[in-house]
Amino acid sequence: QGTFAEAVHFALWLHIGTAPTAIIVFRREVGSVLEDVFIRPRNMTAQTRFLLVATLVSGALGLPILIFVQEIGMFAGSVSMAVIGLLMALTGLIQLKGQARTNRSVEGLKVIDGVIAGLAQGLAVLPGLSRSGLTIASLVGMGLGRRDALTLSFLMGVPASIGASAYVLMSSAVTISANTILASVIAFLTGMVTIKVMLVFAQRVNMGWFVLVTGLLMAGGGVLNTLA
């Protein structure tokens, strides 16, 4: 169980490197959100309201998981990973078959959409669960277009990543060393490349493929961990 907890904490620490990449790539969107929150809070856009709700919900779910991660255990985590992976794969199949709605705009998002996306992100605290995979799957399921789903997923990850990294640092779950610093730098560089590639991918390929493949990989990993 100690190994499981360490895996959770180290994975969360790596997000200290991935958050800046999203801020750099989506700097205009981040700037707009900050203006909504601090300059025009009474007239904020639907996107900003969605992000605020998603952040609050993901924190409310993710924090208890972090606190009780020692009690979750590897087996329960692996089972959750397999089940959620299968659900993601199903979402991907639906998207590929064109049965999901794809005509919603970001401005049409409601509070319940933020709650659903926030729950998906909160569950991603468990190792083996892809944060981007879960959030993109939920956003695609809501009927958002490929570019919008990808952009919102990465914007959601900024406060979540900073908060998660701060938590493991303040709780002394991760010790700052040359290795952890190097790992965060590598995460930053890898994240920059990944975001750029995924933006191109989203323009050319149905995001259902990403959701399907990510779900199958998660499900397969969960099954293998359970049998190990």
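Keep in mind that the numbers below use all heavy atoms, side chains included, and drop hydrogens, waters and symmetry copies. Keep in mind that what you see is a predicted model, and the values were worked out from it rather than measured.
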Query raised in the report: Quick one: do R104 and D148 make a salt bridge, cutoff under 4.0 Å?
Result: no

**Report entry** Evaluation steps, side-chain contact (heavy atoms from CB on, under 4.5 Å), between L144 and L109
**Finding:** CA-CA 9 Å; L144 288 175; L109 291 173; 4.1 Å; yes

Query raised in the report: Can you name the closest pair of heavy atoms from L61 and L123 and give their distance?
Result: CD2-N, 3.8 Å

**Report entry** Flag, side chain of N43 to backbone of R40, donor-acceptor distance under 3.5 Å
**Finding:** no

Query raised in the report: For K110, does its backbone N or O pair with a side-chain atom of R49 as donor and acceptor, under 3.5 Å?
Result: no

Query raised in the report: Under a 4.5 Å side-chain heavy-atom rule over Ile, Leu, Val, Met, Phe, Trp and Tyr, are L152 and I112 clustered together?
Result: yes

Report task. Please name all residues satisfying side chain to side chain contact (heavy atoms under 4.5 Å, CB included) with S153, sequence neighbours left out, ordered by chain then number. Result -> R131, S132, T135, I136, L139

Requested in this report: Give, for atom CE of M156 and atom OG1 of T55, the distance between the pair rounded to the nearest 0.5 Å.
Outcome: 7.0 Å

Report task. Report yes or no: does D36 contribute a side-chain atom to a donor-acceptor pair with the main-chain N or O of T45 at less than 3.5 Å? Result -> yes

Query raised in the report: Would you say the side-chain atoms of S161 pair up with the backbone N or O of V158, donor to acceptor, closer than 3.5 Å?
Result: no

Query raised in the report: So E29 and F154, side-chain contact (heavy atoms from CB on, under 4.5 Å) or not? Walk me through it.
Result: CA-CA 11 Å; E29 290 83 354; F154 283 114; over 6 Å; no

Report summary line: Nearest heavy-atom approach of V37 to P41 is O-CB, 3.6 Å

Query raised in the report: What about L182 and I176, same hydrophobic cluster or not, with Ile/Leu/Val/Met/Phe/Trp/Tyr joined at side-chain heavy-atom distances under 4.5 Å?
Result: no

Report summary line: CG of L199 to CZ of R204, rounded to nearest 0.5 Å, is 12.0 Å

Would you give me the side-chain donor-acceptor pairs under 3.5 Å for residues 215-223, sequence neighbours excluded?
none

Requested in this report: Look only at the side chain of S32 and the backbone of R28, and say whether a donor-acceptor pair between them is shorter than 3.5 Å.
Outcome: no

Query raised in the report: Where do T18 and F188 land on the side-chain contact (heavy atoms from CB on, under 4.5 Å) test, with the steps shown first?
Result: CA-CA 5 Å; T18 59; F188 170 79; over 6 Å; no

Report task. Mind listing the closest non-hydrogen atom pair of S138 and I116 along with its distance? Result -> CB-CG2, 4.4 Å

Query - Check against side-chain contact (heavy atoms from CB on, under 4.5 Å), V193 and L189 - result: CA-CA 7 Å; V193 174; L189 297 175; over 6 Å; no

Query raised in the report: Does any non-hydrogen side-chain atom of V106 lie less than 4.5 Å from one of F50?
Result: no

Query raised in the report: Side chains of Q121 and L134: closer than 4.5 Å at any heavy-atom pair?
Result: no

